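Keep in mind that this is a model prediction, so the values were computed, not measured. Read the numbers this way: they start at 1 and go in the same order the structure lists the ligands and their atoms.
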Amino acid sequence: MPRDPERLNAIDTSILDLVAQRIDILRQAGGAELPAEANARIQAAVDRTATDHQIDPERLRTLLRHVASLSAAELEPRRVAYLGPQHSYSHLAALKYFGDAATLTPESTIAAVFDAVVRGQAAMGIVPVENSTDGRVVDTLGMFVQNPVNICGEVLLPIHHYLLSSTPRDQIVEIYSKPQALSQCRGWLAQHMPDVHLKELSSTAAAAKLAAEQPGVAAIASEAAGREYGLNVIAASIEDNPNNVTRFAVLGGHEPSSSGDDKTALVLQIIHRPGALADVMNVFKTHNLNLTWIESYPMPAGPNEYLFFLELEGHKQDATVMAAIEDLKALTIRRDVLGSYPRGRETAESKSAAGT
Ligand SMILES: O=C(O)C(=O)C[C@]1(C(=O)O)C=C[C@@H](O)C=C1
């Protein structure tokens with residue numbers, strides 16, 4: 001059938017009219033949607049249309065997320081801080097969450113991302129919290145201890161690491177990366193490059209940038225970072241666990257209202273006496289609240305004293321969550337509710353984002 005340019009033109013014009021209408025509705029309602037709420041809404045719309053018309057849901061999600069991202073940028077250009085430079089996994093997570101029309105600003109450390117949000121230099125930030133192979137990201141937890149910045153969203157990003165260099169494999173003497181990435185590839189490195197010296201840097205993308213300047217050096221980073229710095233892929237998907245996923249927290253911003261599938265993050269300092277931790281756990285049991293994460297973190301002040309990071313299913317405005325937090329008062333010295341946010345989804349689209 002011949003293509004019909006006039007009909008296609010009419011459809012394209014309608015699409016643009018609808019985007020303009022979408023922006024007008026938001027403008028009349030007082031501004032851009034919260035990204036967490038927009039992402040949850042987009043998910044539902046995509047699921048419906050993909051099923052009805054048999055279209056790849058990841059492509060529809062990318063399209064709608066871009067529309068949401070450009071509407072937000074049009075109405076309220078907001079800076080979002082992330083651990084850079086570009087093509088770090090934090091950058092890929094920020095693109096997944098905020099879309100490619102957002103103003104994403106690289107910072108050189110996780111501490112600097114917190115700082116940018118606390119000082120108001122960035123409206124929001126994105127930081128890695130935990131990894132499915134390697135556990136907690138200690139620099140992030142340390143910053144939450146000092147600065148209980150609120151969390152308004154989460155992103156799950158599948159992580160596929162690449163060994164990148166401009167030096168041939170048998171002449172590589174040093175490998176640079178962030179400690180978490182080196183650890184996620186520990187088994188592969190021990191088996192394939194046992195004699196190579198490992199050096200820890202502030203991010204995988206910073207490692208790729210330096211590797212490009214130094215002969216004999218390779219980096220462990222995303223494939224996109226390798227392309228950016230003109231490095232060759234020496235080995236692909238070298239993570240020890242093929243289902244390697246990092247969970248990122250979105251910092252700052254307004255708190256999203258309940259979506260019906262939310263999680264709430266807390267930091268607790270529990271009274272130091274026998275059975276106190278068990279009593280705290282019993283509060284969650286009594287209120288039938290499912291925990292999705294628990295992590296202890298040594299208190300900066302003294303030995304044998306710990307803070308606990310917890311995450312549970314539910315929103316802090318749910319009656320059961322409110323009742324549990326009330327009951328925790330008698331058992332804890334410190335209770336920071338970091339925030340409630342819609343549960344992140346690990347989508348196939350992010351699988352390719354992490355690798356490309
Ligand atoms: O260095 C990066 O690229 C980051 O975004 C940080 C980070 C992390 O610290 O966990 C993020 C995801 C991967 O797990 C490896 C590194």
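Numbered from 1 in the order shown, with element, the atoms of ligand 1 that lie under 4.0 Å from a heavy atom of Leu83 read 4 (C), 6 (C). Within ligand 1, the atoms closer than 4.0 Å to a non-hydrogen atom of Ser203 are 1 (O), numbered from 1 in the order shown. Atom numbering of ligand 1 starts at 1 in the shown order; those under 4.0 Å from a heavy atom of Val137 are 9 (O), 10 (O).
Contact of the Val129 side chain with the Phe309 side chain is not registered, since no non-hydrogen atoms from C-beta on lie closer than 4.5 Å. The closest side-chain heavy-atom distance from Asp336 to Leu266 is not below 4.5 Å.
At least one N/O-N/O distance between Thr246 and ligand 1 falls below 3.5 Å. For Lys178, a nitrogen or oxygen atom sits less than 3.5 Å from a nitrogen or oxygen atom of ligand 1, counting backbone and side chain alike.
Judged purely by atom type and a 3.5 angstrom limit, Arg119 has no side-chain atom pairing as donor or acceptor with the backbone of Phe114. A donor-acceptor pair under 3.5 Å is formed between the side chain of Glu76 and the backbone N or O of Ala32.
Counting heavy atoms closer than 4.0 Å to ligand 1, residue Thr204 contributes atoms from both its backbone and its side chain. Of all the heavy atoms of Pro128, the ones lying under 4.0 Å from any atom of ligand 1 belong exclusively to the side chain.
Of all protein heavy atoms, the one lying nearest to atom 4 (C) of ligand 1 is Ser90 OG, 3.5 Å. Atom 15 (C) of ligand 1 has as its closest protein heavy atom Tyr89 CD1, 3.9 Å.
Contact analysis puts Gln184 in contact with ligand 1, with a non-hydrogen atom separation below 4.0 angstrom.
Ring centroid separation for the pair Tyr89 and His161 comes in under the 6.0 Å cut-off.
Side-chain polar atoms of Tyr229 and Glu213 form no donor-acceptor pair below 3.5 angstrom.
In this structure, His91 and His87 have perpendicular ring planes: the angle between them is above 60°, well past the 30° mark.
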